[in-house]
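Structure first, then comments.
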Protein chains: 2
Amino acid sequence: MHDAEDDVDHELREQAEKLALTLSQGGMQKTTARVMTALLFSRRETMTAGELGESLRISSGAVSGAVNQLIPTGMIERVPAPGSRRDHYRFRKHAWATLMGNQNTLLASMWDAAAGGVKIAGRESLVGQRLDEMQDFYGFMQREMAALIDRWREQYDAGQA
Amino acid sequence: MHDAEDDVDHELREQAEKLALTLSQGGMQKTTARVMTALLFSRRETMTAGELGESLRISSGAVSGAVNQLIPTGMIERVPAPGSRRDHYRFRKHAWATLMGNQNTLLASMWDAAAGGVKIAGRESLVGQRLDEMQDFYGFMQREMAALIDRWREQYDAGQA
DNA sequence: CTGAACATTCAAAGATATCTGAAACTAAGT
DNA sequence: ACTTAGTTTCAGATATCTTTGAATGTTCAG
């Protein structure tokens, strides 16, 4: 006999792996991406480290490494689990907004680098102009991105209520 | 004797390498990042492949590989050079805006992945909700980011005039 | 306090990604 | 057409990143 629920699980797993591949090409570590998408596409609310390892066929060490990369970024969280001995993980609400918000650090570094260059070369020179444009762009982005994310949150929360 | 111009060059090179390091930690290839920042922080308008290789102490093959990664992204461009035998490169105007605009492809993949999952699991389920939020977020971002970049271009071009 | 059940760490192995250098190729000048 | 400056390609060498698996650490239940 054929179980429809299993099919759903299987298809979700496929989607999950596909996304993980995309993310890893975009710079995220492969195992980290796989763990993240496994939680994202799981029908369950939380998964234990053991379940993740078994489902993805990776060692406990790899799971540990991945979750410890994911947690500080705010993508997933450790959930106190009643009954179970330890460590259940779950995909966080608004994780995507958090992730994008973290990019602000990078935007700030870019701004700093540009500002540093302008200080050395002066705003008059050719290179100064080039860096000035860069500084202007990253300053703008830093301000506006933060506002944009806030706007999404409001809009989304309003839609939920 | 001490040449002030040389000092400026040297300090700019330091800043360039610092930024290249940051970018490479953020996922960009190291040599690609170094080539890009070398052009960005150069006092000259364009640099040849040979100059890049000498300045960064990398082989001609490495330079070739790096520029051919950078050009399709729109960060740098090949400039027809009168007099010189071939290939001068220069950092493009509005390169940063272009770069950020390219991110839209990624945003679209994220949206697709979410949509695919919702289709499989339905919007009612727990996982459906999770993916629905993701879809909403990336849909929003895709729309708004494009608008934001346009807004910067206008604002910047206005300020220049 | 002890033992069971996990989780974490880390050295070594394995897998990837990247660079070099030389040969092959291209195009500009004569 | 030939020469030469300069670029691209690619196999092999190198460097870097990841994973495994076993040892070590931690926490909870009894």
Side-chain angles (χ1 to χ4, degrees), chain A residues 16-17 19-39 42 44 46-73 75-91, chain B residues 16-17 19-39 42 44-73 75-90:
Chain A
E17 291 292 318
L19 178 58
L21 194 64
T22 303
L23 290 171
S24 73
Q25 283 163 350
M28 187 184 285
Q29 213 148 311
K30 196 175 162 194
T31 300
T32 304
R34 297 218 304 148
V35 167
M36 198 206 80
T37 59
L39 288 165
S42 168
R44 320 202 22 217
T46 68
M47 291 177 82
T48 66
E51 287 165 345
L52 285 166
E54 187 181 10
S55 159
L56 301 174
R57 310 299 181 85
I58 56 179
S59 71
S60 58
V63 174
S64 176
V67 299
N68 287 317
Q69 279 209 263
L70 257 7
I71 289 173
T73 68
M75 294 300 287
I76 70 172
E77 63 193 340
R78 229 181 283 263
V79 184
S84 173
R85 205 57 87 83
R86 242 193 347 222
D87 290 16
H88 286 226
Y89 299 98
R90 134 174 96 195
F91 201 84
Chain B
E17 290 293 317
L19 178 58
L21 194 65
T22 303
L23 289 171
S24 75
Q25 285 163 351
M28 185 183 287
Q29 214 149 309
K30 197 175 161 193
T31 299
T32 304
R34 297 218 303 146
V35 167
M36 196 206 82
T37 59
L39 287 165
S42 167
R44 321 205 18 219
E45 175 165 13
T46 69
M47 289 177 82
T48 66
E51 287 165 345
L52 284 165
E54 187 182 10
S55 160
L56 301 173
R57 310 299 182 85
I58 57 179
S59 71
S60 58
V63 174
S64 174
V67 299
N68 287 316
Q69 279 209 264
L70 256 7
I71 288 172
T73 68
M75 294 299 289
I76 70 172
E77 63 192 341
R78 228 181 284 262
V79 184
S84 173
R85 205 59 88 85
R86 241 186 359 217
D87 289 18
H88 286 226
Y89 300 99
R90 130 175 98 196

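Numbers restart at 1 for each chain; the letters A, B, ... are given by sequence-line order, proteins then strands. Small disclaimer: the values here were computed from a predicted structure and weren't measured. FYI, side chains are in, hydrogens and waters are out, and symmetry mates aren't considered; it's all heavy atoms of this structure.
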Round to a whole Å and report the spacing from [atom1] of [X] to [atom2] of [N].
{"X": "A:L21", "N": "C:dT16", "atom1": "CG", "atom2": "C1'", "value": "14 Å"}
{"X": "B:E54", "N": "C:dT20", "atom1": "CD", "atom2": "C1'", "value": "17 Å"}
{"X": "B:L52", "N": "D:dT8", "atom1": "CG", "atom2": "P", "value": "12 Å"}
{"X": "B:R57", "N": "C:dG21", "atom1": "CZ", "atom2": "C1'", "value": "17 Å"}
{"X": "A:Q25", "N": "C:dT16", "atom1": "CD", "atom2": "C1'", "value": "14 Å"}
{"X": "B:I71", "N": "D:dT7", "atom1": "CD1", "atom2": "P", "value": "12 Å"}
{"X": "B:M28", "N": "C:dA17", "atom1": "CE", "atom2": "P", "value": "17 Å"}
{"X": "B:E51", "N": "D:dG6", "atom1": "CD", "atom2": "C1'", "value": "13 Å"}

Under 4.5 Å between any side-chain heavy atoms of [X] and [Y], yes or no?
{"X": "B:E77", "Y": "B:Y89", "result": "no"}
{"X": "A:L23", "Y": "A:T32", "result": "no"}
{"X": "B:V35", "Y": "B:I58", "result": "yes"}

Is the side chain of A:T37 donor-acceptor paired with the backbone N or O of A:R34 at a distance under 3.5 Å, no angle test? yes

Taking only N/O atoms, report every protein-nucleotides 7-11 of chain C pair under 3.5 Å with atom names and distance.
unit_1: C:dA7; atom_1: O4'; unit_2: A:R86; atom_2: NH2; d: 3.0
unit_1: C:dA7; atom_1: O3'; unit_2: A:D87; atom_2: OD2; d: 3.3
unit_1: C:dT8; atom_1: OP1; unit_2: A:R78; atom_2: NH1; d: 3.2
unit_1: C:dT8; atom_1: OP2; unit_2: A:S64; atom_2: OG; d: 3.3

Using the ring pair (Phe, Tyr, Trp, His ring centres under 6.0 Å) criterion, which residues pair with A:F91? Sequence neighbours excluded.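 So A:F91 forms a ring pair (Phe, Tyr, Trp, His ring centres under 6.0 Å) with A:W96.
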
Could you pull out the closest heavy-atom pair between B:A33 and B:A20, with the gap in Å?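 In terms of heavy atoms, the two residues are closest at CB-O, 3.7 Å.
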
Does D:dC17 have OP1 or OP2 sitting under 4.0 Å from an N or O in the side chain of A:Q29?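 So the side chain of A:Q29 is outside the cut-off, no N or O lying under 4.0 Å from OP1 or OP2 of D:dC17.
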
